[in-house]
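Taking it in order: structure first as structure tokens, then the write-up.
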Amino acid sequence: MTGNASTSAAKGKVCLAYSGGLDTSCILAWLLEQGYEVIAFIANIGQEEDFEAAHAKALKVGASKVFIEDVREEFVEEVVYPAAVQANCIYENVYLLGTSLARPIITRKQIEVAQQEGCQFVSHGCTGKGNDQVRFELGYYALQPDIKVIAPWRIPEFFNRFKGRSDLLAYAAEKGIPVSQTPAKPWSTDENLFHISYEAGALEDPDWTPPKDMWKLTVDPEDAPNTPERIQIEFKQGIPVKVTNTNDGKVVEGGLEIFLYLNAIARRNGVGRIDIVENRFIGIKSRGCYETPGGTILRAAHMDLEGLTLDREIRAYRDSSITPALSKLLYNGMYFSPEAELMLSSLAMSQKTVNGTVRVKLYKGNTIIEGRSSSEKLYDAQESSMDELGGLSPEDADGFIKVMSIRLKKWGGAQNMKLRK
């Protein structure tokens, strides 16, 4: 942490979630205009960011202090592995919740900094039409119920002055704030260790194809290597503990290190791109493009291993009662709710038997499962074989079918009687 000389502010002290980008740089300057002292908080959650440049920019704009907090490890181990991997969370069957997953870690650390610095207010750069305003603020209030929130994009004085990104760009130029966004590339991005999102600007036309150079993380699948890359991922209780690259023999262990490595190999093989239209929490449809490289591999491998090692009814219960509900809670910003705590605490039991190794082939944007193995005994090759009895007599199925058909016979008979009348 470093900062400018301490200043007294008539309206109080604000801890701003600062990214160094266009919106939050302009918001920082605007808060200063309104008479607040601003503490800039930057979360290193794995985004490819020039943190020194962002730090210097915040001070140049006028922040009294700048905090840069590395939260990557807690992000991966406390949120990504339980929610994205063990719970297989997904929104509307396609979005892997990269932005949603990161918000709880950012808000928690921001509140910690605000409390440490005696801030009466916290602020963010979320728009008044998006999901993130809800995620940030529900987190703030759950963690510190008496905190006051300044949401500039919902304040008429702010949004009437800055009606769009062109106004922000003009304001930044007026204030001498350097920004990377230009009119030639008007989309907005949000990046963390799990993914990057692209939205707004030209992307608001759902039938507009993004240019090739928009995608930042992954190589175009058409340009990916012609030779497949093969890896083995070992899981213990549903958590990845080791990755072995069978192409070059490289072995990686450790929670954060594994995720960083999977990101690297997925990116060079073009894995993890999606382009979707989703339903925002507030009721608006939104077009978004996402890259989730390492997360795409882990979800596919974990779900495959569950097929081999997880009891049928436990999996059915988790898939019907926990995965969709927890996914919705995450998307809607309810991570710090009692119901989310209940669901997350139940995952450990469901994953006790999810132990084993999955062999994965990465090739031109595809994640292909080539095999799996486990010491768990739920799968019996002899029992499953069509070439031997394996302790199960075909006659055993006779009674099972008769019992299962009782209800259907009654239903079918009743329908036939109606047709005869």
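Fair warning: this is a prediction, and the values are worked out from it, not measured in the lab.
Rounding to the nearest 0.5 angstrom, the gap separating the CG atom in L330 from the OH atom in Y335 is 8.0 Å. Once rounded to the nearest 0.5 Å, the distance linking CD of E33 with CZ of F158 reads 10.0 Å. Here the CG-OG1 distance, from N269 to T296, works out to 12.5 Å after rounding to the nearest 0.5 Å. For the atom pair CD (E69) and CD1 (I105), the distance works out to 12.5 Å, reported to the nearest 0.5 Å. Note that CD1 of I265 and CG of L362 are 5.5 Å apart. Values are rounded to the nearest 0.5 Å. Rounding to the nearest 0.5 Å gives a distance of 9.5 Å between CD1 of I322 and SG of C89.
With hydrogens and angles left out, the side-chain atoms of R280 and S286 include a donor and acceptor closer than 3.5 Å. A donor and an acceptor atom, one from each side chain of R273 and T218, are located under 3.5 Å apart. With hydrogens and angles left out, the side-chain atoms of E229 and N245 include a donor and acceptor closer than 3.5 Å. K285 and N279 form a side-chain donor-acceptor contact under 3.5 Å, judged by distance and modelled atom types alone. Judged by distance alone, the side chains of D146 and Q144 do bring a donor and an acceptor atom under 3.5 Å apart.
Looking only at distances, no side-chain donor or acceptor of K65 sits under 3.5 Å from a matching main-chain atom of I39. Remark: side-chain polar atoms of S123 are not paired, donor with acceptor, to backbone N or O of L16 under 3.5 angstrom. Panel note: side chain E376, backbone T309; no donor-acceptor pair is recorded below 3.5 Å. Looking only at distances, no side-chain donor or acceptor of D223 sits under 3.5 Å from a matching main-chain atom of D220. Between the side chain of K13 and the backbone N or O of E117, at least one donor-acceptor pair lies under 3.5 Å. Looking only at distances, no side-chain donor or acceptor of R72 sits under 3.5 Å from a matching main-chain atom of G46. Between the side chain of R299 and the backbone N or O of L96 there is no donor-acceptor pair closer than 3.5 Å. Remark: side-chain polar atoms of N192 are paired, donor with acceptor, to backbone N or O of G98 under 3.5 angstrom. Between the side chain of E234 and the backbone N or O of Q232, no donor-acceptor pair lies under 3.5 Å. Distance alone, capped at 3.5 Å, is enough to place a donor-acceptor pair between the K163 side chain and the N160 backbone.
Within the 4.5 Å cutoff, the side chain of Q110 has heavy atoms near those of the Y140 side chain. Contact annotation: the side chain of Y331 approaches that of N131 to within less than 4.5 Å [non-hydrogen atoms, C-beta and beyond]. Counting heavy atoms from C-beta outward, I177 and L28 have side chains that stay 4.5 Å or more apart. At a threshold of 4.5 Å between non-hydrogen side-chain atoms, the residues R359 and R230 do not count as touching. Between E191 and E49, every side-chain heavy-atom pair lies at or beyond the 4.5 Å cut-off. Using a 4.5 Å cut-off on side-chain heavy atoms (C-beta onward), M343 and L347 make no contact. Between R161 and E157, the closest side-chain pair of non-hydrogen atoms is not below 4.5 Å. Looking only at side-chain heavy atoms (C-beta outward), F235 and V85 come within less than 4.5 Å of each other.
With respect to Y18, the side chain to side chain contact (heavy atoms under 4.5 Å, CB included) criterion is satisfied by exactly one of I42, I68, V38: I42. The one candidate from R318, R315, Q86 that meets the side chain to side chain donor-acceptor pair (under 3.5 Å) condition with T323 is R318.
Atom NZ of K328 has 12 or fewer neighbouring heavy atoms from other residues, nucleotides or ligands inside a 6.0 Å radius. Summarising the local packing, CG of N93 is surrounded by 12 or fewer heavy atoms from other residues, nucleotides or ligands at distances under 6.0 Å. Other residues, nucleotides and ligands contribute at most 12 non-hydrogen atoms within 6.0 Å of the OH atom of Y317. Heavy-atom neighbours of K175 NZ from other residues, nucleotides or ligands within 6.0 Å: above the threshold of 12.
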Check the pair I90, L97 against side chain to side chain contact (heavy atoms under 4.5 Å, CB included), reporting the backbone distance first and the verdict last. CA-CA 6 Å; I90 192 168; L97 296 164; 5.7 Å; no
Derivation and outcome, side chain to side chain contact (heavy atoms under 4.5 Å, CB included), residues L262 and I231: CA-CA 10 Å; L262 289 175; I231 59 173; 3.8 Å; yes
Tell me, with the steps shown, if E222 and K212 meet salt bridge (charged side-chain N to carboxylate O under 4.0 Å, His left out). CA-CA 11 Å; E222 294 179 359; K212 189 173 182 177; 5.8 Å; no
Can you check side chain to side chain contact (heavy atoms under 4.5 Å, CB included) on Q116 and F67, steps first, answer last? CA-CA 11 Å; Q116 173 186 319; F67 289 83; 3.5 Å; yes
Test side chain to side chain contact (heavy atoms under 4.5 Å, CB included) on T127 and Q133; report intermediate values, then the result. CA-CA 7 Å; T127 71; Q133 57 179 339; 5.8 Å; no
Determine, step by step, whether K57 and D50 satisfy the salt bridge (charged side-chain N to carboxylate O under 4.0 Å, His left out) criterion, reporting the C-alpha distance in whole Å, the side-chain angles of both residues, the deciding distance to 0.1 Å, and the verdict. CA-CA 11 Å; K57 185 190 295 186; D50 186 340; over 6 Å; no
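The minimum heavy-atom distance linking G125 with I27 is given by the pair CA-CD1, 3.4 Å. Annotation for S374 and L308: closest pair CB-CD2, 3.8 Å, computed over non-hydrogen atoms. The two residues E92 and E278 come nearest to each other via the heavy atoms OE1-CA, 3.4 Å. Closest non-hydrogen pair, V79 versus P82, comes out as O-CD, 3.4 Å. Nearest heavy-atom pair, F136 versus C126, reported as atom, atom and distance to 0.1 Å: CD1-SG, 3.4 Å. For the residue pair L305 and S373, the shortest heavy atom distance occurs at CD1-O, 4.1 Å.
Not less than 6.0 angstrom separates the ring centroid of W153 from the ring centroid of F162.
Note: W215 and Y198 have perpendicular aromatic rings, judged against thresholds of 30 and 60 degrees for the angle between ring planes. Taking the six-membered ring where tryptophan is involved, the planes of Y95 and Y91 are perpendicular, since the angle between them exceeds 60° and thus also 30°.
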Could you pull out every donor-acceptor pair under 3.5 Å between side chains of residues 249-260 and any protein atom, sequence neighbours left out?
none

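Between E48 and R267 there is a salt bridge, since at least one side-chain N of the basic residue sits less than 4.0 Å from a carboxylate O of the acidic one. Using a 4.0 Å cut-off between charged side-chain N and carboxylate O, D311 and K352 make no salt bridge.
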